[in-house]
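Below is one structure, written out as structure tokens; the observations come after it.
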Amino acid sequence: MKWANIFMAENLEEIEELVGDLMTKEEKKELMDTVKIIKKGDPLWEAMEEDRIYYENTVRHEIYQDGLKEGQMKIAKKIKDNGQSMDFIQEMTGLSMEEIEQL
């Protein structure tokens, strides 16, 4: 189930269909009341969407940075295994001396 679809629901029946037995009838009604308030285009919806996009971009950036660091470490290890100086490795990879020493 995609929770975002709930906010597109037009009536309680759609909510019931989407959430099935995950919620009580009262919880479904409360959710439907919330959905009526929060519709796409409303300021609250827009704020929630901005938060979602910010979170997704932050996570993507962190994953990218982790991958970049992992790649730098692999390259540095290969260079170090070939007997290059620590200064050379630091210059080529941007890693700190401490990170290079730990390889």
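Heads up: numbering here begins at 1 and tracks the sequence.
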**Item:** Distance in Å, Thr93 OG1 paired with Lys78 NZ, rounded so as to fall on 0.5 Å steps
**Value:** 14.0 Å
**Message:** side-chain contact (heavy atoms from CB on, under 4.5 Å), that's the test. Do Glu70 and Asp66 meet it? Break it down for me.
**Reply:** CA-CA 6 Å; Glu70 185 178 329; Asp66 289 347; over 6 Å; no
**Request:** Kindly indicate whether the side chain of Ile89, heavy atoms from C-beta on, has any atom under 4.5 Å from the side chain of Met97.
**Result:** no
**Message:** Taking atom NZ as the centre, does Lys80 end up with more than 12 heavy-atom neighbours from other residues, nucleotides or ligands that are less than 6.0 angstrom away?
**Reply:** yes
**Message:** My understanding is that only residues two or more places apart in sequence, or in another chain, count here; which of them pass side chain to side chain contact (heavy atoms under 4.5 Å, CB included) with Glu50?
**Reply:** none
**Request:** Please round to the nearest 0.5 Å and tell me the distance separating atom CD1 of Ile53 and atom OG1 of Thr58.
**Result:** 11.5 Å
**Request:** Any chance you could measure Glu56, atom CD, to Asp51, atom CG, to the nearest 0.5 Å?
**Result:** 11.5 Å
**Asked** For the atom pair CD (Gln72) and CD1 (Ile79), what is the distance rounded to the nearest 0.5 Å?
**Response** 10.5 Å
**Asked** So Val59 and Tyr55, side-chain contact (heavy atoms from CB on, under 4.5 Å) or not? Walk me through it.
**Response** CA-CA 6 Å; Val59 169; Tyr55 175 75; 3.6 Å; yes
**Message:** Distance check, rounded to the nearest 0.5 Å: Met92 atom CE versus Ile75 atom CD1?
**Reply:** 11.0 Å
**Message:** Does any part of the side chain of His61, heavy atoms only, come nearer than 4.5 Å to the side chain of Gln65, both counted from C-beta?
**Reply:** yes
**Message:** Quick check: is Leu68 connected to Met73 through a chain of hydrophobic side chains (ILVMFWY, heavy atoms under 4.5 Å apart)?
**Reply:** no
**Item:** Any residue meeting side chain to side chain contact (heavy atoms under 4.5 Å, CB included) with Asn82, in chain and number order, not counting sequence neighbours
**Value:** none
**Request:** Determine, step by step, whether Glu99 and Gln90 satisfy the side-chain contact (heavy atoms from CB on, under 4.5 Å) criterion, reporting the C-alpha distance in whole Å, the side-chain angles of both residues, the deciding distance to 0.1 Å, and the verdict.
**Result:** CA-CA 9 Å; Glu99 290 171 317; Gln90 185 178 32; over 6 Å; no
**Asked** Going from CE on Met86 to CG on Leu103, what distance comes out if it is rounded to the nearest 0.5 angstrom?
**Response** 8.0 Å
